Amino acid sequence: KSVDPLGIKKFQSLPKVTTQEILFLGCSYTKGATLDTVELAYPSLMSTHLKLNCRNYAQLGLNNYEMFDVLSQIEIDDNVSVVLQLTELSRLKIYNESTKRFESQFLKFANNSSYLDVYSDEMLVYETLRLLDFWVRYARAKQLKFIVWSIARFGNYRLDTMFENYLNSYPEYIYMNSDLNVEGSYRVDNGNDGTDELGTGHPGPKSHALIAEKLLKHYNNLYDIQSH
């Protein structure tokens, strides 16, 4: 008989993360979706530059709840490097009455109107920040070399500004501009699922190189690490 019938402890068996490794969590962006090879994705580029082994647990469609589940369940040595990429807040983790398991749910595809009543945009912001705050306190206590960035966008100036202002209260956070045709943006090409129009599909190899460059600069500055 399963000791975890709800599937809430499924990450406890992951191998311990050591100081010779760097841990990445995120969705398809961090997975390197639609690139010709994972070596072109920013986790591989960062790992190579820092001369650390890459532990990339990003998954396509992964939600923030499961990212924090991994972080809360996996054993991590002190001083380990961790990069967290927050994804769209409307990716939920819900209990499915049919399967009797917790599963991912995209809010925009939910056929249950009660989800929309409970998971307002403000509630999604609160839930994400509540989990992030727990993790940041833990990371600091463990003296982890932790940085976080986000692809979450509401398409609403008030909500986007509010969320970014909260995130910016953490020194570990770095804002990454993905606006098109704007100086300083990391979004300069498309992955293999895109078209000739910039901004379609996932980020391409040049975009991943820029993401890696910006994250490495933030990482080095925050933890006073000399670049190789």
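Given the structure is predicted, the values throughout are model-derived calculations rather than measurements.
A donor-acceptor pair under 3.5 Å is formed between the side chain of Asp189 and the backbone N or O of Lys206. Between the Ser44 side chain and the Leu40 main chain, no donor and acceptor come within less than 3.5 Å of each other. Judged purely by atom type and a 3.5 angstrom limit, Tyr223 uses its side chain to pair as donor or acceptor with the backbone of Phe146. His218 places a side-chain N or O within 3.5 Å of a backbone atom of Glu172 that can act as its donor or acceptor partner. Of the possible polar contacts, one joining the Ser120 side chain to the Met123 backbone as a donor-acceptor pair under 3.5 Å is found. Looking at Arg55, its side chain never comes within 3.5 Å of a backbone N or O of Val82 through a donor-acceptor pair. Ser207 places a side-chain N or O within 3.5 Å of a backbone atom of Tyr186 that can act as its donor or acceptor partner. With hydrogens and angles ignored, the 3.5 Å screen pairs a side-chain donor or acceptor of Lys100 with a backbone N or O of Glu97. Looking only at distances, a side-chain donor or acceptor of Asp160 sits under 3.5 Å from a matching main-chain atom of Phe154. Counting only distance, with no hydrogens or angles, the side chain of Arg187 and the backbone of Val182 share no donor-acceptor pair below 3.5 Å.
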*asked:* Set out, in order, the CA-CA distance, both residues' side-chain angles and the distance that settles side-chain contact (heavy atoms from CB on, under 4.5 Å) for Tyr65 and Ser104, then state yes or no.
replied: CA-CA 9 Å; Tyr65 295 93; Ser104 294; over 6 Å; no

*Decide yes or no on salt bridge (Lys or Arg N to Asp or Glu O under 4.0 Å) for Lys93 and Glu127, but give the supporting numbers first.*
CA-CA 12 Å; Lys93 187 174 184 180; Glu127 280 290 292; over 6 Å; no

*Please step through side-chain contact (heavy atoms from CB on, under 4.5 Å) for the pair Tyr57 and Leu62, ending with a clear verdict.*
CA-CA 10 Å; Tyr57 287 140; Leu62 196 68; over 6 Å; no

*asked:* side-chain contact (heavy atoms from CB on, under 4.5 Å) for Met67 and Leu84? Distances and angles first, verdict last.
replied: CA-CA 8 Å; Met67 293 181 205; Leu84 172 65; 3.8 Å; yes

*Assess whether side-chain contact (heavy atoms from CB on, under 4.5 Å) is satisfied between Thr18 and Val80, documenting all intermediate values.*
CA-CA 6 Å; Thr18 70; Val80 164; 5.5 Å; no

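Taking hydrophobic clusters as Ile, Leu, Val, Met, Phe, Trp and Tyr residues chained together by side-chain heavy-atom distances below 4.5 Å, Leu210 does not share a cluster with Leu45. At a threshold of 4.5 Å between side-chain heavy atoms, the hydrophobic network of Ile, Leu, Val, Met, Phe, Trp and Tyr places Tyr157 and Met162 in two separate groups. Ile151 and Leu35 fall into different hydrophobic clusters, where Ile, Leu, Val, Met, Phe, Trp and Tyr side chains are chained together by heavy-atom contacts under 4.5 Å. Follow the hydrophobic side-chain contacts under 4.5 Å out from Tyr126 and you never reach Phe163; the two are in separate clusters. Residue Leu198 is not grouped with residue Tyr29 when hydrophobic side chains (ILVMFWY) are merged at heavy-atom distances under 4.5 angstrom, including chains of intermediate members.
Looking only at atom types and distance, the side chain of Thr34 has a donor-acceptor partner in the side chain of Asp193 under 3.5 Å away. Between the side chains of Glu103 and Tyr95, no donor-acceptor pair of N or O atoms lies under 3.5 Å. If you check the side chains of Asp121 and Asn156, you find no donor sitting under 3.5 Å from an acceptor. Donor-acceptor pairing under 3.5 Å is recorded for the side chains of Asn190 and Thr200. Using a 3.5 Å distance cut-off with no hydrogens or angles, the side chains of Asn79 and Thr19 do not pair a donor with an acceptor. Side-chain contact check for Tyr138 and Arg140: no donor-acceptor pair (N or O, by modelled atom type) lies under 3.5 Å. The closest side-chain donor-acceptor pair between Thr195 and Glu197, if any, does not fall under 3.5 angstrom.
In this structure, Tyr42 has its ring center under 6.0 Å from that of Trp149.
Here Ser72 contributes atom OG and Phe134 contributes atom CZ; the two are 11.0 Å apart, rounded to the nearest 0.5 Å. The CG atom of Asn64 lies 6.0 Å from the OG1 atom of Thr87; values are rounded to the nearest 0.5 Å. Of the inter-residue distances, the one linking Ile8 atom CD1 with Glu66 atom CD reads 12.0 Å to the nearest 0.5 angstrom. The distance from atom CG of Asn177 to atom OG of Ser185, rounded to the nearest 0.5 Å, is 5.0 Å. The OG atom of Ser47 sits 8.0 Å away from the CG atom of Asn53 when rounded to the nearest 0.5 Å. Within the model, atoms CD of Gln12 and CD1 of Ile74 stand 11.0 Å from one another, a figure rounded to the nearest 0.5 Å.
For Leu129 against Leu167, the heavy-atom pair with the smallest separation is CD2-CD2, 3.9 Å. Closest of all the heavy-atom pairs between Ser178 and Arg153 is OG-NH2, 4.1 Å. Here the closest non-hydrogen pair linking Val38 and Lys31 is CG1-O, 4.3 Å. Taking every heavy atom of both residues into account, Gly184 and Lys214 meet most closely at O-NZ, 3.0 Å.
Counting heavy atoms from C-beta on, the side chains of Leu60 and Cys27 never come closer than 4.5 Å. Between Tyr219 and Ser81 the shortest side-chain heavy-atom distance falls below 4.5 Å. Put simply, the side chain of Leu216 reaches to within 4.5 Å of the side chain of His49, judged on heavy atoms. For the pair Leu107/Leu124, a side-chain contact is recorded, criterion being any heavy-atom separation below 4.5 Å from C-beta on. Residues Asn63 and Leu89 fail the side-chain proximity criterion, which asks for heavy atoms closer than 4.5 Å. The closest side-chain heavy-atom distance from Leu180 to Val188 is not below 4.5 Å. Between Leu215 and Ile147 the shortest side-chain heavy-atom distance falls below 4.5 Å. A 4.5 Å side-chain heavy-atom check between Leu144 and Ile76 finds at least one atom pair inside the cut-off.
Within a 6.0 Å sphere centred on NZ of Lys145, other residues, nucleotides and ligands contribute more than 12 heavy atoms. Residue-environment remark: CZ (Arg130) exceeds the threshold of 12 foreign heavy atoms within 6.0 Å.
Under 4.0 Å is where a charged nitrogen must lie from a carboxylate oxygen, and between Glu88 and Arg91 no such pair does. Taking a cutoff of 4.0 Å between a charged side-chain nitrogen and a carboxylate oxygen, Lys16 and Glu21 do not qualify as a salt bridge. Salt-bridge check for Lys9 with Asp4: failed, with every basic side-chain N at 4.0 Å or more from each acidic carboxylate O. Checked for salt-bridge contact, Lys10 and Asp69 miss the test: no charged N lies under 4.0 Å from a carboxylate O.
Each of Gln59, Gln85, His208 was evaluated against Thr30; a single residue qualifies, Gln85, per the side chain to side chain donor-acceptor pair (under 3.5 Å) test.
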